[in-house]
Amino acid sequence: MSLKIGDIITFERTFTVRDVELFTEVSCDEGVHHITPDEQGRLVIQGLLTATLPTKIGGDANVLASTMYFEFLRPVFTGDTIKCEVKIEEYEWQENKSRTSISTSFLCKNQDEKEVLKGSFSGVIL
C-alpha cells in the first residue's frame, strides 16, 4: 500500500449480533449491555470491537502499532453501520532505523453521521 501524508483511508462495517457474540467469547467482556438486548432488540457493541475499524486499516498497511488512543463518544449498537476514516498525519522513512514511521488520526461515524469513536495510532510499517 502506497501512503503519504494527508491520505485518508476508509473502511465501513455493519455490526451484527454474531459479531458481539464472537467478541464476547474472545474478550470475556460480558457486560449485561453486551448480552441483553435493549427495548429495540439491539445489543451494545463492545468499545474495543468498534475499535477494530481503525486497527483493520492499520493492519492493511502492515502497521506495527506502538501507541493507540481511543475516545469513545457514544454507544454503537448491533445493526449500526460505522464508517471509519483514518488520516495519515506523519509518514517518514527513518534511515538510521531502516524503517518507516507512521502517525494517524481517525474518526468513526454511524449511519446518522454521528461521531462514535475518534483517536489516533502510531507505529512503524513492517
Side-chain angles (χ1 to χ4, degrees):
M1 178 180 290
S2 176
L3 298 172
K4 63 184 180 307
I5 294 173
D7 282 354
I8 296 177
I9 305 149
T10 62
F11 178 66
E12 184 174 287
R13 177 176 181 183
T14 302
F15 288 98
T16 67
V17 169
R18 184 70 180 138
D19 294 331
V20 175
E21 291 170 347
L22 289 169
F23 195 82
T24 298
E25 184 178 325
V26 170
S27 69
C28 297
D29 181 352
E30 298 175 341
V32 115
H33 50 292
H34 301 312
I35 59 175
T36 305
D38 68 4
E39 61 280 348
Q40 296 173 347
R42 307 170 305 172
L43 297 175
V44 176
I45 305 295
Q46 290 92 341
L48 289 180
L49 178 54
T50 306
T52 62
L53 294 168
T55 63
K56 186 262 191 238
I57 293 171
D60 288 350
N62 291 317
V63 174
L64 177 61
S66 58
T67 64
M68 293 182 180
Y69 171 75
F70 301 106
E71 185 176 344
F72 301 94
L73 304 171
R74 65 175 22 92
V76 173
F77 297 92
T78 51
D80 283 353
T81 299
I82 308 301
K83 182 178 181 180
C84 184
E85 293 186 348
V86 173
K87 182 179 180 183
I88 309 302
E89 302 289 349
E90 296 178 25
Y91 191 83
E92 179 182 7
W93 172 253
Q94 298 174 320
E95 186 70 40
N96 61 334
K97 296 181 181 179
S98 297
R99 64 183 187 190
T100 300
S101 64
I102 186 170
S103 293
T104 71
S105 61
F106 61 82
L107 180 62
C108 302
K109 296 180 182 180
N110 66 17
Q111 65 278 356
D112 299 320
E113 291 295 312
K114 293 185 178 179
E115 296 178 359
V116 298
L117 175 65
K118 67 180 180 177
S120 61
F121 63 85
S122 62
V124 296
I125 305 289
L126 295 178

Quick check for you: to the nearest 0.5 Å, what is the distance between [X] atom [atom1] and [Y] atom [atom2]?
X      : Y      : atom1 : atom2 : answer
Lys118 : Cys108 : NZ    : SG    : 12.0 Å
Leu117 : Cys84  : CG    : SG    : 7.0 Å
Glu30  : Glu25  : CD    : CD    : 9.5 Å
Thr104 : Ile88  : OG1   : CD1   : 6.0 Å
Ile35  : Glu21  : CD1   : CD    : 11.0 Å
Ser122 : Glu90  : OG    : CD    : 8.5 Å

- Count the heavy atoms of every other residue, nucleotide or ligand shown that sit under 6.0 Å from CD of Glu71, and state whether that count exceeds 12. yes
Under 4.5 Å between side-chain heavy atoms, counting indirect links through other Ile/Leu/Val/Met/Phe/Trp/Tyr residues: same cluster for [X] and [Y] or not?
X      : Y      : answer
Val124 : Ile102 : no
Leu107 : Leu53  : no
Met68  : Val76  : yes

- Item | Ile125/Tyr91 under side chain to side chain contact (heavy atoms under 4.5 Å, CB included): CA gap, chis, key distance, verdict | CA-CA 9 Å; Ile125 305 289; Tyr91 191 83; 4.1 Å; yes
With a 4.5 Å heavy-atom cut-off, do [X] and [Y] have their side chains touching?
X      : Y      : answer
Thr52  : Arg13  : yes
Asp29  : Leu48  : no
Thr55  : Phe121 : no
Asn110 : Phe77  : no

If you take all heavy atoms of [X] and [Y], which pair is closest and at what distance?
X     : Y     : value
Ala61 : Leu3  : CB-CD1, 3.9 Å
Glu85 : Ile8  : CB-CG2, 4.0 Å
Phe11 : Lys56 : CE1-CE, 3.4 Å
Ile57 : Thr10 : CD1-C, 4.0 Å
Pro54 : Phe70 : CG-CE2, 4.3 Å
Pro75 : Asp80 : O-OD2, 4.5 Å

- Query: When you look at Thr78 and Asp19, which way does the side chain to side chain contact (heavy atoms under 4.5 Å, CB included) test go after all the steps?
  - Reply: CA-CA 9 Å; Thr78 51; Asp19 294 331; over 6 Å; no
- Message: Test side chain to side chain contact (heavy atoms under 4.5 Å, CB included) on Leu43 and His34; report intermediate values, then the result.
- Response: CA-CA 5 Å; Leu43 297 175; His34 301 312; 5.9 Å; no
- Query: Going by the ring pair (Phe, Tyr, Trp, His ring centres under 6.0 Å) test, which pairs reach into residues 38-62, not counting sequence neighbours?
  - Reply: none
- Item | Flag for Glu12-Thr81: side-chain donor and acceptor within less than 3.5 Å | no
- Item | Donor-acceptor under 3.5 Å (Arg74 side chain, Glu115 main chain) | yes
- Query: Passes side chain to side chain contact (heavy atoms under 4.5 Å, CB included), Ile45 versus Val20? Steps please.
  - Reply: CA-CA 6 Å; Ile45 305 295; Val20 175; 3.3 Å; yes
